[in-house]
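I have placed the structure first, in the form of structure tokens, so that the comments after it can refer back to it.
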2 protein chains.
Amino acid sequence: MDAEELSKTIIEFYEKLTTWEDGVVKDSGLTTSQNHAIEIVGHEGAIKMRKLADKLGVTTGTLTVSIDRLEKKALLRRVPHKSDRRSYLIELTEKGQKVFKMHHNHHLNLTREMMTDFSEQEQATLYQSLKKMMEHF
Amino acid sequence: MDAEELSKTIIEFYEKLTTWEDGVVKDSGLTTSQNHAIEIVGHEGAIKMRKLADKLGVTTGTLTVSIDRLEKKALLRRVPHKSDRRSYLIELTEKGQKVFKMHHNHHLNLTREMMTDFSEQEQATLYQSLKKMMEHF
DNA sequence: TCGAATAACTTGAATGTCAAGATATTTGAA
DNA sequence: TTCAAATATCTTGACATTCAAGTTATTCGA
């Protein structure tokens with residue numbers, strides 16, 4: 001297999017996902033960055049600002065502003081940390097949960113759609129390949 | 001294969017690529033958006049503003065500003081269109097070519113790195129799977 | 001106990017983005 | 001041919017994202 005060709009195809013696939021995701025996010029009235037925050041809080045559950053900033057790959061200053069806006073939209077909230085009064089836990093509101101689940105389902109539908117022509121065996125192979133590639137990050 | 005699990009893994013893989021790409025781009029002194037423009041011009045060759053805007057998924061107003069900045073960095077230039085005086089062709093400068101090739105090689109290296117544990121057969125299967133998934137966009 | 005480290009917030013500057021409108025040019029129909 | 005409509009790009013104003021640098025409050029550790 002030619003590495004050039006494979007590299008090009010991986011990038012192409014990545015670009016397609018990005019375009020799809022941008023479209024889905026825009027329809028939900030959120031920005032990409034806001035959606036990303038909701039995704040992580042949805043998957044991780046209550047999480048500290050510091051840890052969330054690291055996962056998003058932004059500074060805490062950036063995150064403060066970002067959480068301000070999401071809190072204003074009533075999608076998540078700051079809850080004072082029980083044992084550290086400098087800190088907050090960020091968690092989804094009910095409205096935030098709904099948005100998260102909606103987005104989660106969109107992804108699930110896309111996966112099912114993409115898998116229509118895959119045999120059970122092919123799906124398993126793809127799954128293992130993705131896992132194997134991720135070992136290199 | 002559980003669609004939930006597969007969906008989760010695809011997203012995970014996508015996130016890893018994003019983080020990797022962000023790091024590479026940041027090291028090059030460009031923004032993600034600027035890099036994206038260079039990628040497309042590098043792959044497509046001389047291209048009209050209108051077409052480039054469509055491929056980037058932004059308005060022409062956004063692109064004008066973006067190209068202004070890249071022109072100031074001497075990475076690409078506007079060349080008047082031969083038969084349509086309203087229009088320009090955007091092309092890479094030599095410096096832009098270098099940046100493009102560098103980035104291209106980074107991707108190639110990543111692909112080779114990810115493929116280290118893949119047999120020839122596995123690589124071909126992955127390639128076909130990616131192609132097949134992309135038919136659904 | 002107290003200085004260093006840590007968590008989050010604030011501010012200022014740069015960039016990205018869109019919508020709406022402006023300008024120049026091309027196109028197509030009368 | 002002529003001219004209104006379409007097209008290509010640019011401009012402007014408003015807002016979001018982001019970082020760096022600096023601030024405040026609290027916790028930690030020697």
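Letters go in sequence order (proteins before strands), and every chain restarts at 1.
- Near DNA chain C, meaning a heavy atom under 4.0 Å away, the residues from residues 60-70 of chain A are A/T60, A/G61, A/T64.
- For A/L56 against A/L63, the heavy-atom pair with the smallest separation is CD1-CD1, 3.7 Å.
- Electrostatic pairing of A/D84 and A/R50 does not count as a salt bridge here, judged by no charged N lying under 4.0 Å from a carboxylate O.
- Between the side chains of B/T19 and B/E15, no donor-acceptor pair of N or O atoms lies under 3.5 Å.
- The shortest non-hydrogen separation linking A/M114 to B/I10 is CE-CD1, 4.0 Å.
- Separation of atoms CD (A/E71) and OG1 (A/T93) is listed at 10.0 Å; rounding is to 0.5 Å.
- The stretch residues 74-90 of chain B touches DNA chain C through B/S83, B/D84, B/R85, B/R86, each having a heavy atom within less than 4.0 Å of the strand.
- Distance B/L56 CG to C/dT15 P: 18 Å, rounded to the nearest Å.
- Heavy-atom minimum distance, B/L75 versus B/V99: CD2-CG2, 3.8 Å.
- Of all the heavy atoms in A/K73 and A/K95, the pair that sits closest is O-NZ, 3.0 Å.
- A/F100 pairs with exactly one of A/H36, A/H43, A/H107, A/H106 by the ring-ring contact (aromatic ring centres under 6.0 Å, His included) rule, that one being A/H43.
- Across every non-hydrogen atom of B/E113 and B/T116, the tightest pair is O-OG1, 2.8 Å.
- A cation-pi contact, defined as under 6.0 Å to the ring centre and within 45° of the axis, links A/K132 to B/F118.
- Listed by residue number, the members of residues 21-53 of chain A with any heavy atom below 4.0 angstrom from DNA chain D are A/T31, A/S33, A/Q34.
- Of the two residues contacting DNA chain C, namely B/K73 and B/G57, the nearest-nucleotide position lying further toward the 5' end is that of B/K73.
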